[in-house]
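Labels below follow one simple rule: chain letters A, B, ... track the order of the sequence lines, proteins then strands, and each chain is numbered from 1. What you see below is based on every heavy atom in this structure, not just the backbone, and it leaves out hydrogens, waters and symmetry mates. Predicted model only: the values in this text are computed from it and were never measured.
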Protein chains: 2
Amino acid sequence: MGATKTEHFTDQQNQIATIAKALGHPARIAIIEYLMKVNECICGDIVNELPLAQPTVSQHLKELKNAGIIKGSIEGNSICYCIDEKTIDILNTYFLKIIKTVSKAKCC
Amino acid sequence: MGATKTEHFTDQQNQIATIAKALGHPARIAIIEYLMKVNECICGDIVNELPLAQPTVSQHLKELKNAGIIKGSIEGNSICYCIDEKTIDILNTYFLKIIKTVSKAKCC
DNA sequence: AATAATTATCGTAATATTGCAATATAAAAA
DNA sequence: TTTTTATATTGCAATATTACGATAATTATT
């Protein structure tokens, strides 16, 4: 096998997993942190910032974009990327729910 | 290649990525949700709950445990699993910081 | 138009993940 | 002690991910 059985799980479970998975790589976390620092994004600078080749960075950006974590808009011959608040909000709301549930539970 | 270059990133970036990665699979999200529902965990029931074979569930539990998202304690011949609040808290605090930063930023 | 700059895509090698059958391990019950 | 119950580990096949060189595509600049 090797393929995730997404069809067995709910849309929400798949959605949360997809977002979390996209954040499950230190390079992509580093990209998010860089975007937080510079706010308005300077796309090519990410390549200079990270110890990874340009195609690799481009691929990571694509995954973050596919997961809805960042969005990019064309500006001349470069592309401006920035964090998509909506998606982070979805994740945040979800984890807050977990925290709330777990904090009032007694555990083994 | 194929191996993540963790050495190029900070401990915190790797930590967040590791936790997020562990949550990056719908089966593991389903396990978390089941644990939320039953609070005190009934380990073998997860196998009945999910459409996955016992070894597969065991493997997912191991990954959640390695990432610190759940903890397990031996109880007789079974093992009681439950969510580790501390780790969810780390993630939650992290995302709240992102939300705060992004919400006051104007984006392209 | 030719060149430079910016980003994406293709192809590919190395490695990791997913899933399960078979089997091992350990404790409880008979 | 044998059997049952519960979970983990091993081994393996299928697939996915990571990383990058080479190259394509697109727009700006000259």
Point to revise | Where at least one partner belongs to residues 53-64 of chain B, residue pairs that pass side chain to side chain donor-acceptor pair (under 3.5 Å), sequence neighbours excluded | key: R28(B)-H60(B), R28(B)-E63(B)

Point to revise | Qualifying side chain to side chain donor-acceptor pair (under 3.5 Å) pairs, either residue in residues 15-26 of chain A, two or more places apart | key: H25(A)-T4(B)

Write down the protein N/O and nucleotide N/O pairs, taken from nucleotides 8-11 of chain D, whose separation is under 3.5 Å; answer none if there are no such pairs.
unit_1 : atom_1 : unit_2 : atom_2 : d
dA8(D) : OP1    : Y81(B) : OH     : 2.4
dA8(D) : OP2    : S58(B) : OG     : 2.9
dA8(D) : N7     : Q54(B) : NE2    : 2.7
dA8(D) : N6     : Q54(B) : OE1    : 2.9

Exercise for review: Kindly write out the residues that satisfy ring-ring contact (aromatic ring centres under 6.0 Å, His included) with F9(B), not counting sequence neighbours, or none if the list is empty.
Suggested key: none

Practice item. List in chain and number order the residues that pass ring-ring contact (aromatic ring centres under 6.0 Å, His included) with F95(B), two or more places apart in sequence or in another chain; answer none if no residue qualifies. Key: F95(A)

Measure [atom1]/[X] against [atom2]/[N] and give the value in whole Å, please.
{"X": "H60(A)", "N": "dA8(C)", "atom1": "NE2", "atom2": "C1'", "value": "15 Å"}
{"X": "E75(A)", "N": "dA28(D)", "atom1": "CD", "atom2": "C1'", "value": "14 Å"}
{"X": "L50(B)", "N": "dT7(D)", "atom1": "CG", "atom2": "P", "value": "13 Å"}
{"X": "K5(B)", "N": "dA13(C)", "atom1": "NZ", "atom2": "P", "value": "18 Å"}

Exercise for review: Name the nucleic acid region contacted by I74(B), choosing base, sugar-phosphate or nothing; use a 4.0 angstrom heavy-atom cut-off, strictly under.
Suggested key: nothing

Exercise for review: Between S78(B) and T4(B), just flag the one whose closest nucleotide in DNA chain D comes earlier from the 5' side.
Suggested key: S78(B)

Revision key, fill the gap. Walking DNA chain D from its 5' end, the first of G76(A) and P51(A) to be reached, judged by nearest nucleotide, is P51(A)

**Study point:** Donor-acceptor contact present, side-chain T87(A) to main-chain G68(A), <3.5 Å
**Key:** yes

Review point. Would you find a donor on one side and an acceptor on the other, under 3.5 Å apart, between the side chain of D84(A) and the backbone of K71(A)?
Key: no

**Study point:** Sub-4.5 Å side-chain heavy-atom contact between D45(B) and V38(B)
**Key:** no

Review point. Between Y94(A) and I29(B), is any pair of side-chain heavy atoms under 4.5 Å apart?
Key: yes

Point to revise | Spacing of I98(A) atom CD1 and L35(B) atom CG [to the nearest 0.5 Å] | key: 10.0 Å

Exercise for review: Check whether the side chain of N77(B) and the base of dT5(D) form a donor-acceptor pair under 3.5 Å.
Suggested key: yes

Check your understanding: Taking DNA chain C as the partner, which of residues 8-30 of chain A come within under 4.0 angstrom of it by heavy atom?
Key -> none

